[in-house]
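Everything below concerns the one structure shown next.
Everything numeric here is computed off the predicted structure, so don't read it as measured data.
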Amino acid sequence: MRKLKIKDVVMTALLTALYMVFYMLASCVTMVLGQFGHAISPGICGFLTGAVMFFVTRKVGKFFQFTIMQAICMLIFSIMGAGYLPWFITSMVGAIIADFIASREEKPAVWKVALASGIFHVGQAWGTMVPSWFFLESYKAEWIGRGQTPEAMDQMIRFTSGFMGIVSTLIVFALAFAGVFLGWLILRKHLKENKKVEPNT
């Protein structure tokens, strides 16, 4: 595995800033869908940022690139007052797994990047799903204490626990996975990727 250099960290940070712009855009889109939209918002973000995720693997292409991206995102959310320990844990675990999948080679296959993006964004989504499954009452109390209404929390828990939690997870993964292939289609000419090369090569 190639080691990260300072310039790689700077590039990753700049691309993460771009990623966050799309994340905020995704948040606006999900408001229309209510609490279900919030539950799958990481997937919508993953769909919109597939090009960014793919670009990272081509311009950085080193281990820990996704971990650094996720850490910066979590830091920004914490500064904004949205930090939450379970969210941090699941997000960072997802990012580390993503690195093992698609950051150990300079130019991983598109399907590997898509798989990594799916796991990366499921890690974010599980920040609300894991609490809904395993420590529901403290989760509700935490966010009601931060200003959420009990009604809003009940709706959120409806879409992040039990069967709906599994459905939301699959939707998040599918959207993030598809986003990378869309990003590959958009960027392959810019990155001079051989048009004859199939996505799984």
Side-chain angles (χ1 to χ4, degrees), residues 16 18-57 66-67 69-70 73-74 76-77 82 84 86-102 108-136 139-140 143 148 151-187 199-200:
T16 304
L18 178 60
Y19 173 92
M20 287 300 299
V21 171
F22 283 102
Y23 199 106
M24 296 306 173
L25 178 61
S27 297
C28 295
V29 172
T30 57
M31 289 178 64
V32 180
L33 301 174
Q35 294 301 331
F36 176 65
H38 185 72
I40 65 169
S41 60
I44 296 174
C45 171
F47 184 78
L48 295 176
T49 59
V52 177
M53 299 293 285
F54 182 71
F55 195 76
V56 167
T57 66
F66 294 131
T67 301
M69 281 187 71
Q70 197 77 284
C73 291
M74 291 297 107
I76 292 172
F77 287 127
Y84 184 50
W87 189 25
F88 175 82
I89 293 172
T90 60
S91 294
M92 295 309 298
V93 169
I96 292 169
I97 294 172
D99 271 322
F100 272 102
I101 294 170
V110 183
W111 70 267
K112 287 186 179 181
V113 182
L115 180 60
S117 181
I119 298 296
F120 183 96
H121 290 94
V122 164
Q124 292 180 354
W126 275 17
T128 57
M129 294 177 190
V130 169
S132 293
W133 286 330
F134 297 109
F135 42 96
L136 179 59
Y139 171 54
K140 287 179 64 175
W143 287 98
Q148 290 287 338
E151 294 77 15
M153 287 305 300
D154 286 341
Q155 282 296 308
M156 170 59 69
I157 291 163
R158 175 187 171 193
F159 294 115
T160 56
S161 61
F163 176 74
M164 281 306 300
I166 296 172
V167 171
S168 295
T169 296
L170 294 174
I171 291 173
V172 168
F173 181 86
L175 286 170
F177 189 92
V180 168
F181 278 90
L182 176 62
W184 173 74
L185 289 172
I186 293 170
L187 293 175
N200 63 344

Inset, instruction - Taking ring-ring contact (aromatic ring centres under 6.0 Å, His included) as the test, write out the residues that go with F22, two or more places apart. - result: none

Inset, instruction - Could you list the residues that satisfy ring-ring contact (aromatic ring centres under 6.0 Å, His included) with F177, not counting sequence neighbours? - result: F173, F181

Inset, instruction - Specify the closest pair of heavy atoms between A39 and T160, including all atoms of both residues, with the distance to one decimal. - result: CB-CG2, 3.7 Å

Legend entry - Residue pair V113 / M53: nearest heavy atoms and the distance that separates them: CG1-O, 4.1 Å

Inset, instruction - Just jot down the ring-ring contact (aromatic ring centres under 6.0 Å, His included) partners of F88, sequence neighbours excluded, or say none. - result: none

Inset, instruction - For residues 153-178, pull every pair meeting salt bridge (charged side-chain N to carboxylate O under 4.0 Å, His left out), keeping only residues two or more places apart or in separate chains. - result: K140-D154

Legend entry - side-chain hydrogen bond (donor to acceptor under 3.5 Å, both in side chains) partners of S161, counting only residues at least two apart: none

Inset, instruction - For I186, enumerate each residue passing the side chain to side chain contact (heavy atoms under 4.5 Å, CB included) test, keeping only those at least two apart in sequence or located in another chain. - result: L182

Inset, instruction - Please report the closest heavy-atom contact between C73 and T16, naming both atoms and the distance. - result: SG-CG2, 3.8 Å

Inset, instruction - Hey, could you give me each pair passing side-chain hydrogen bond (donor to acceptor under 3.5 Å, both in side chains) that has a residue in residues 36-51? Not counting sequence neighbours. - result: none

Legend entry - ring-ring contact (aromatic ring centres under 6.0 Å, His included) partners of F134, counting only residues at least two apart: none

Legend entry - Set of residues satisfying side chain to side chain contact (heavy atoms under 4.5 Å, CB included) with respect to A174, sequence neighbours excluded: none

Legend entry - Over all atoms of both residues, closest heavy-atom pair of I101 and K112: CG2-O, 3.5 Å

Inset, instruction - Just grab all the side-chain hydrogen bond (donor to acceptor under 3.5 Å, both in side chains) pairs involving residues 174-183, residues at least two apart or on different chains. - result: none

Legend entry - Sequence neighbours excluded, every pair satisfying salt bridge (charged side-chain N to carboxylate O under 4.0 Å, His left out) that has a member inside residues 159-182: none

What donor-acceptor contacts under 3.5 angstrom involve side-chain atoms of residues 116-126, with partners at least two apart or in another chain?
| unit_1 | atom_1 | unit_2 | atom_2 | d |
| --- | --- | --- | --- | --- |
| S117 | OG | H121 | ND1 | 3.3 |
| H121 | ND1 | S117 | O | 2.8 |
| H121 | NE2 | Y19 | OH | 2.8 |
| Q124 | NE2 | Y19 | OH | 3.2 |
| Q124 | NE2 | Q70 | OE1 | 2.7 |
| W126 | NE1 | T169 | OG1 | 3.0 |

